[in-house]
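Single-structure report; data block below.
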There are 2 protein chains.
Amino acid sequence: MFRGQYVHSISDNGRVSIPAKFRELLNVKYSSNTIIVSMFENCLLAYPKIEWEKLESKMLDLPSFKKETVDFERYLIGNASECQLDSEGRINISPVLRKNLNFKKSVVFVGILTRFEIWDEKLWEKNRESGFKKFQKSRDQIDEI
Amino acid sequence: MFRGQYVHSISDNGRVSIPAKFRELLNVKYSSNTIIVSMFENCLLAYPKIEWEKLESKMLDLPSFKKETVDFERYLIGNASECQLDSEGRINISPVLRKNLNFKKSVVFVGILTRFEIWDEKLWEKNRESGFKKFQKSRDQIDEI
DNA sequence: TCCTATATGCCAAAATATGACAAAATCTGC
DNA sequence: GCAGATTTTGTCATATTTTGGCATATAGGA
């Protein structure tokens with residue numbers, strides 16, 4: 001499972017290396033070094049290809065011209081890109097995504113079970129306080145655990 | 001699958017190159033460099049020929065005198081045109097379509113699984129905020145995922 | 001038929017992505 | 001705390017993609 005936080009720097013042309021722990025998981029558990037990166041709220045969202053394809057196959061069954069489908073897919077698929085890790089475990093993040101999320105010098109990788117997020121470091125730091133508050137609030141909503 | 005966003009500039013006479021990633025998919029998966037381009041909401045909608053034909057055959061099954069069918073088909077089929085990519089992977093967009101959609105300097109290609117959209121960049125940027133809101137809303141509607 | 005506007009083909013420059021290598025930084029076991 | 005191993009980062013060369021320019025072809029309108 002993806003877990004924990006790692007801060008990495010990102011080069012001028014958008015290259016950034018995936019944490020070694022995450023790479024190992026991709027190798028061992030998913031036997032693949034392909035991930036799909038898309039946008040979410042204020043951060044990138046990355047899935048191992050197999051996990052992502054589960055999502056896509058569900059989307060293919062949706063009525064393709066219905067407004068909700070289009071809005072959903074235009075955002076989630078329209079911002080997605082497939083990345084192969086290179087020989088040193090790096091990926092490229094497209095100019096569009098970097099611009100949207102205001103990626104500057106460093107980014108934070110946040111592991112979340114079957115996926116991980118990528119945040120601009122500054123924004124991540126800024127949200128730390130409110131993140132804690134949101135966590136406190138969420139505790140009361142989550143009855144299943 | 002078509003995924004992600006690419007910004008390309010469009011020449012004065014309406015020539016624009018299809019993103020390399022999309023071209024590769026056309027080659028590898030569809031073994032064809034023919035696409036069908038039609039109009040959609042504020043943007044163009046493009047399908048590989050095979051996908052377009054699937055769509056057409058589904059339409060043939062619709063009740064052909066029903067008002068919704070006629071309205072739907074008249075718009076989607078009536079605006080469609082077939083394009084071959086040239087040797088550098090470019091297509092031409094007719095003056096009529098460019099005028100309708102107000103295509104100026106740059107356009108954005110948005111991959112959506114079996115098809116892709118083409119937007120005027122300015123308009124796409126203007127809609128980014130509301131696009132995110134629509135995505136947030138649609139998440140609640142799409143309970144399969 | 002000729003003229004104009006648009007479409008097409010070809011070439012090459014500019015911009016961008018990719019791959020390989022090595023230096024720097026960090027982690028690990030002792 | 002140290003030595004060796006691993007990980008992360010920076011740099012440069014190369015390949016690919018995108019763009020612009022120009023010449024030619026084609027079609028439609030006067």
Side-chain angles (χ1 to χ4, degrees), chain A residues 2-28 33-37 44 46 80-100 103-111 116 118-121, chain B residues 2-28 33-37 44 46 80-101 103-111 116 118-121 124:
Chain A
F2 296 102
R3 280 188 283 256
Q5 270 171 56
Y6 303 87
V7 182
H8 283 187
S9 60
I10 180 167
S11 75
D12 290 344
N13 53 356
R15 225 188 207 177
V16 64
S17 70
I18 305 293
K21 281 269 168 65
F22 290 4
R23 263 149 46 196
E24 203 198 325
L25 193 65
L26 288 171
N27 272 330
V28 174
N33 63 348
T34 306
I35 62 177
I36 315 284
V37 178
L44 294 179
S81 75
E82 186 173 316
C83 305
Q84 300 265 0
L85 308 218
D86 72 11
S87 60
E88 1 268 295
R90 293 188 279 197
I91 59 166
N92 274 76
I93 295 171
S94 73
V96 177
L97 291 178
R98 275 181 282 146
K99 198 167 150 249
N100 284 348
F103 279 5
K104 287 277 157 56
K105 226 179 65 68
S106 300
V107 293
V108 182
F109 289 79
V110 186
F116 58 91
I118 311 176
W119 288 74
D120 178 68
E121 196 195 10
Chain B
F2 295 101
R3 281 188 281 251
Q5 272 169 58
Y6 303 87
V7 181
H8 284 187
S9 59
I10 181 167
S11 74
D12 291 344
N13 53 355
R15 223 190 209 177
V16 64
S17 70
I18 305 291
K21 281 268 169 66
F22 291 4
R23 263 149 45 198
E24 201 198 326
L25 194 65
L26 288 171
N27 272 330
V28 174
N33 63 348
T34 306
I35 61 177
I36 316 286
V37 178
L44 294 178
S81 73
E82 190 173 312
C83 303
Q84 300 268 357
L85 308 216
D86 73 11
S87 61
E88 359 267 294
R90 293 189 277 197
I91 59 167
N92 274 76
I93 295 170
S94 73
V96 178
L97 291 179
R98 274 182 282 147
K99 198 164 152 254
N100 284 349
L101 293 170
F103 280 4
K104 287 275 157 55
K105 223 180 66 67
S106 299
V107 293
V108 182
F109 289 79
V110 186
F116 58 91
I118 311 175
W119 287 74
D120 178 68
E121 195 195 11
W124 177 257

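In what follows, chains are A, B, ... by sequence order, proteins preceding strands, each numbered from 1. As a basis for the values below, the full set of heavy atoms in this structure was taken, side chains included, without hydrogen atoms, waters or symmetry mates.
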List in chain and number order the residues that pass ring pair (Phe, Tyr, Trp, His ring centres under 6.0 Å) with B:F2, two or more places apart in sequence or in another chain; answer none if no residue qualifies. B:F22, B:F116
Taking side-chain hydrogen bond (donor to acceptor under 3.5 Å, both in side chains) as the definition, give me every residue that meets it alongside B:S11, ordered by chain and number, with sequence neighbours left out. B:N13
Going by the rule side-chain contact (heavy atoms from CB on, under 4.5 Å), which residues pair with B:R23 if we only count those two or more places apart in sequence or in a different chain? B:I18, B:A20, B:L85
Interatomic distance, B:K21 NZ vs D:dT17 C1' [rounded to whole Å]: 12 Å
Using a heavy-atom cut-off of 4.0 Å to chain B, what are the terminal contacting nucleotides of DNA chain C, in 5' to 3' order? C:dA7 to C:dA12
Contacts of type side-chain hydrogen bond (donor to acceptor under 3.5 Å, both in side chains), residue B:K104, not counting sequence neighbours: B:N102
Beyond-backbone contact of B:D120 with B:L101, side-chain heavy atoms, under 4.5 angstrom: no
With B for base contact, S for sugar-phosphate-only contact and - for none (protein heavy atoms under 4.0 Å), nucleotides 23-30 of chain D reads --------
pair A:Y6-A:V110: side-chain heavy atoms closer than 4.5 Å: no
Residues two or more places apart in sequence or in another chain: which of them pass side-chain hydrogen bond (donor to acceptor under 3.5 Å, both in side chains) with B:S17? B:H8
Does A:E24 CD have over 12 foreign heavy atoms under 6.0 Å away? no
Sugar-phosphate only, base, or nothing, as touched by B:I10 at under 4.0 Å among non-hydrogen atoms: nothing
Sequence neighbours excluded, the answer for side-chain contact (heavy atoms from CB on, under 4.5 Å) partners of B:Q84 is B:N33, B:T34
Using a strict threshold of under 4.0 Å (side-chain N to carboxylate O), is an ion pair present between B:R3 and A:E82? yes
Run the side-chain donor-acceptor check on residues 89-98 of chain B: report pairs under 3.5 Å with partners two or more places apart or on a different chain.
{"from": "B:S94", "atom 1": "OG", "to": "B:L97", "atom 2": "N", "distance (Å)": "3.4"}
{"from": "B:R98", "atom 1": "NE", "to": "B:I93", "atom 2": "O", "distance (Å)": "2.8"}
{"from": "B:R98", "atom 1": "NH1", "to": "B:D12", "atom 2": "O", "distance (Å)": "3.1"}
{"from": "B:R98", "atom 1": "NH2", "to": "B:I93", "atom 2": "O", "distance (Å)": "3.4"}

Figure out the CD1/C1' separation between B:I18 and D:dT18, and round it to whole Å. 12 Å
Qualifying residues under side-chain hydrogen bond (donor to acceptor under 3.5 Å, both in side chains), relative to B:E88, sequence neighbours excluded: none
Under a 3.5 Å cutoff on both atom distances, Watson-Crick or G-U, what's the dot-bracket for DNA chain D ([ ] crossing, | other strand)? ||||||||||||||||||||||||||||||
For DNA chain C, which residues in residues 84-98 of chain A have a heavy atom at a distance below 4.0 Å? A:E88, A:R90, A:N92, A:P95
